[in-house]
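Working notes for the structure below.
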Amino acid sequence: MKFLKTAGAVALLVASQFTHAQDWPTKSLTWIVPFAAGGPTDAMARDIADKVSRQIGQPIIIENTPGAGGTIGAAKAAKARADGYTFLVGHLGYMGAGPALYKKLNYDPVKDFEAVFRFPDTPLVMLVGKSSPYKSAGDLIAAAKAQPGKINFSNAGVGSTSHLIAALFAAKAGIDVTQVAYKGAAPAINDLIGGQVDAMFDQTNTALPQVQGGRLNAIALTSLTAMPQQFPSVAPLAEKALPGFEAATWYGLYAPKSTSKDVVQKMHQAYLKALTDKAWTTRMVGQGIQLLPEAQYAPDVFAKYTAAEVERWRKVVNDAKIQLD
Ligand code: MLT
C-alpha cells in the first residue's frame, strides 16, 4: 500500500513536470552572456534573443556575467535550475577549448549541459589602430620577428576566442606576441582604439562598424576567402601570410543538464522559424556572419559538435602550446 502511494506521488510529480513543460514559457527567460556588453557574443546573443523572444511570446533577458574568458558565466549556468528559464550563450572558447586550457574547470561543457541550438559562425578580422605602421599581417609578422614579444594583442579574456586565435596565429607564424586580457572584446577594442595595444582579432560583426566608422584598420581575415563587400582589399591570412590558416567562432545556446527535451525542442523550433526572416539573415550575412545548413543548428547535432570540439581543441592547444599565463 505504501509502495502504491509512493508510486502515485511519483506519477503525479512526473505529470506536473510534463504540464509545466507544456505550458512553457509562462515568464521571461534569462540568457547568460559571459562577456561584457557591446562585444560580439553579446551582440549575437541580443540579436538572436530578440527574434526568438518574438516566436515564444516572452521576453529574454541578457545577463552579462563577464570574467575568466567566459568560464565564470558558464559555471553559473551549469549550476542554474534546469527549469527551462535559464540558458547559456556558449562559444568555442569556454565550451570548446576550456577543458584543454584549464586544469580545473567548474563545469563540463558536455556533461553539464543540454545543447539547444547552434548560432551561425563568425570569422575574425585582425585589427590595428588608425596610425599603426602595420598595413598587412606580413608587416606585423616581420616586426614581431625583429623584436620578439614587443607586439601587444588585446583580447576578450584568457581563453576567449580573440586570445586563442591570436595564440594560434602567433604559433603558426612562429612569432612571440604579448597578450593583454580584458573582460570582453568591447573594453579590449576601446584600448586598441586608444592606442594602448597594437592589434586584436575581433569577430567581423563588431569589427565592421569600427572599420567603417574609421576608428580602426582591418589588415587580415581568418576566413579562407576574401570579403570584398565588408572588408574591401583585406586579404585572408590563408592567401599570403599563412597558407591554410582558417578560423571562425562558433556560438550556440545551452541549457543546464536535464532541462526538459520539450523545452529544448520548442526553443530550437522558435529559432528555425526566426531564421526564415530573410531580411534578418541577409543583414547577418552583410556583417560577415556565415549561415549554416539547417541540420547543423539542431540540438543533437550541436551536442555532438560540442563534444568533438572539446577533443579537437585538446590537440590544437597541445600542438600550438597555448598556455594560460
Ligand atoms: C571572444 O573573443 O571570445 C569574444 O569576442 C568575447 C566577447 O564577446 O566579448
Side-chain angles (χ1 to χ4, degrees), residues 31-49 62-77 87-102 105 109 118-127 152-170 177 179-193 197 199-211 216 218 220-223 247-254 284 287-290 306 309-310 313 316-317 320 322 324:
W31 286 14
I32 295 176
V33 169
F35 290 102
T41 314
D42 180 72
M44 285 285 277
R46 282 176 198 272
D47 202 15
I48 294 176
I62 299 295
E63 187 183 296
N64 296 98
T65 310
T71 57
I72 291 176
K76 183 176 178 188
F87 295 83
L88 170 73
V89 176
H91 81 25
L92 93 171
Y94 48 102
M95 294 300 275
L101 290 170
Y102 294 89
L105 203 58
R118 183 167 162 192
F119 294 2
D121 287 353
T122 314
L124 295 98
V125 55
M126 198 200 290
L127 300 167
N152 296 315
F153 270 80
S154 58
N155 65 52
V158 168
S160 64
T161 311
S162 34
H163 172 227
L164 294 171
I165 303 306
L168 264 185
F169 161 75
V177 300
Q179 297 241 24
V180 187
Y182 293 79
K183 285 198 167 176
I189 286 275
N190 282 343
D191 268 13
L192 182 62
I193 295 171
V197 284
M200 177 177 167
F201 279 97
D202 191 29
Q203 279 75 3
T204 57
N205 57 326
T206 40
L208 194 59
Q210 304 293 358
V211 173
L216 292 171
L221 292 164
T222 68
S223 52
T249 307
W250 57 260
Y251 299 97
L253 193 71
Y254 297 88
M284 282 200 277
Q287 296 170 339
I289 293 169
Q290 298 167 336
T306 305
E309 278 290 285
V310 168
W313 275 100
V316 174
V317 166
I322 299 173
L324 302 187

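Start at 1 and go down the list; that is how both ligands and their atoms are numbered.
Taking 4.0 Å as the cut-off, H91 counts as a neighbour of ligand 1 on heavy-atom distance. Under a 4.0 Å heavy-atom criterion, A36 is not in contact with ligand 1.
Judged purely by atom type and a 3.5 angstrom limit, T65 has no side-chain atom pairing as donor or acceptor with the backbone of G73. Judged by distance alone, with hydrogens and angles left aside, the side-chain atoms of S154 form no donor-acceptor pair with the main-chain N or O of L192 at under 3.5 Å. Side-chain N or O atoms of Q179 include one that pairs as donor or acceptor with a backbone N or O of H163 at under 3.5 Å.
Annotation: D202 places no N or O atom under 3.5 Å from an N or O atom of ligand 1; distance criterion only. Not a single N or O atom of G184, backbone or side chain, sits closer than 3.5 Å to an N or O atom of ligand 1.
How far CG of L253 is from CZ of R118: 14.0 Å, rounded to the nearest 0.5 Å. Summarising the geometry, atom NE2 belonging to H91 is positioned 11.0 Å from atom OH belonging to Y254; distances are rounded to the nearest 0.5 Å. Rounding to the nearest 0.5 angstrom, the gap separating the CG atom in L127 from the OG1 atom in T204 is 10.5 Å.
Of the protein's non-hydrogen atoms, the one nearest atom 2 (O) of ligand 1 is S162 OG, 2.7 Å. Looking only at protein heavy atoms, the nearest one to atom 6 (C) of ligand 1 is A156 CB, 3.4 Å. In terms of protein heavy-atom proximity, atom 9 (O) of ligand 1 is nearest to A185 N, 2.6 Å.
Tested against F35, the residues Y182, Y94, Y251 include a single ring pair (Phe, Tyr, Trp, His ring centres under 6.0 Å) partner, Y94.
The aromatic rings of F153 and F201 lie parallel to each other, with less than 30° between the two planes, well short of the 60° mark.
Within the listing of ligand 1, atoms 5 (O) sit less than 4.0 angstrom from a heavy atom of Q203. Atoms of ligand 1 lying under 4.0 Å from any heavy atom of T161, numbered from 1 in the order shown and given with element: 1 (C), 2 (O), 3 (O). For ligand 1, the atoms sitting less than 4.0 Å from at least one non-hydrogen atom of S160 are 1 (C), 2 (O), 3 (O), numbered in the order shown with element in parentheses. Close approach to T41 involves these atoms of ligand 1, each under 4.0 Å from a residue heavy atom: 4 (C), 6 (C), 7 (C), 8 (O).
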